[in-house]
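The structure presented is a predicted model; accordingly, all values stated were derived computationally and were not measured.
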Amino acid sequence: GRGCHRRRRRPAPAPAPATGQNLSSTAAESLERAMRNYLKSGSTQQADTLLNQYKSRLTPAQKARFEALFAEWQHPVNW
């Protein structure tokens with residue numbers, strides 16, 4: 001094509017969609033750490049908020065893990 005090779009488009013890194021893309025295990029681990037700290041310090045509202053932001057991207061196994069974590073602190077998860 002004429003002049004096509006001149007316009008080099010650098011693909012911008014797309015932000016991860018809220019749904020359809022599962023959380024990596026690394027991300028889930030840091031999320032779990034953050035939530036544990038919130039729960040430990042009694043900031044259950046922040047833990048809930050964090051969970052709500054990511055719940056659509058959690059795998060069933062990750063969900064089970066977070067449910068167990070919340071249960072440790074007698075805090076029910078509202079999926």
Side-chain angles (χ1 to χ4, degrees):
R2 275 206 318 263
C4 285
H5 62 282
R6 245 185 237 141
R7 234 174 39 233
R8 207 149 90 234
R9 262 181 39 237
R10 250 207 332 269
T19 54
Q21 193 186 349
N22 284 338
L23 222 54
S24 69
S25 50
T26 316
E29 272 166 37
S30 48
L31 198 60
E32 194 177 348
R33 255 199 310 279
M35 283 189 208
R36 189 182 296 274
N37 289 336
Y38 284 142
L39 292 166
K40 204 183 288 186
S41 61
S43 314
T44 51
Q45 195 65 56
Q46 281 168 294
D48 281 339
T49 304
L50 202 55
L51 191 66
N52 278 323
Q53 284 174 337
Y54 289 96
K55 65 179 175 188
S56 56
R57 294 173 58 192
L58 297 176
T59 64
Q62 287 167 343
K63 278 189 170 183
R65 234 165 92 182
F66 287 120
E67 268 179 35
L69 172 65
F70 275 53
E72 273 179 51
W73 302 93
Q74 281 81 50
H75 184 59
V77 180
N78 47 344
W79 293 116

> Salt bridge check: are Arg36 and Glu32 linked by an N-O gap of less than 4.0 Å?
Replying inline: yes

Rounded at 0.5 Å granularity, tell me how far [atom1] in [X] sits from [atom2] in [Y].
| X | Y | atom1 | atom2 | value |
| --- | --- | --- | --- | --- |
| Asn22 | Leu58 | CG | CG | 8.0 Å |
| Phe66 | Trp79 | CZ | CH2 | 7.5 Å |
| Arg65 | Leu69 | CZ | CG | 9.5 Å |
| Lys63 | Glu67 | NZ | CD | 8.0 Å |

> Judged by atom type as modelled, is there a donor-acceptor pair below 3.5 Å linking the side chain of Gln62 to the main-chain atoms of Leu23?
Replying inline: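 At least one qualifying donor-acceptor pair exists.
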
> Phe70 versus Asp48: any side-chain heavy-atom pair under 4.5 Å?
Replying inline: yes

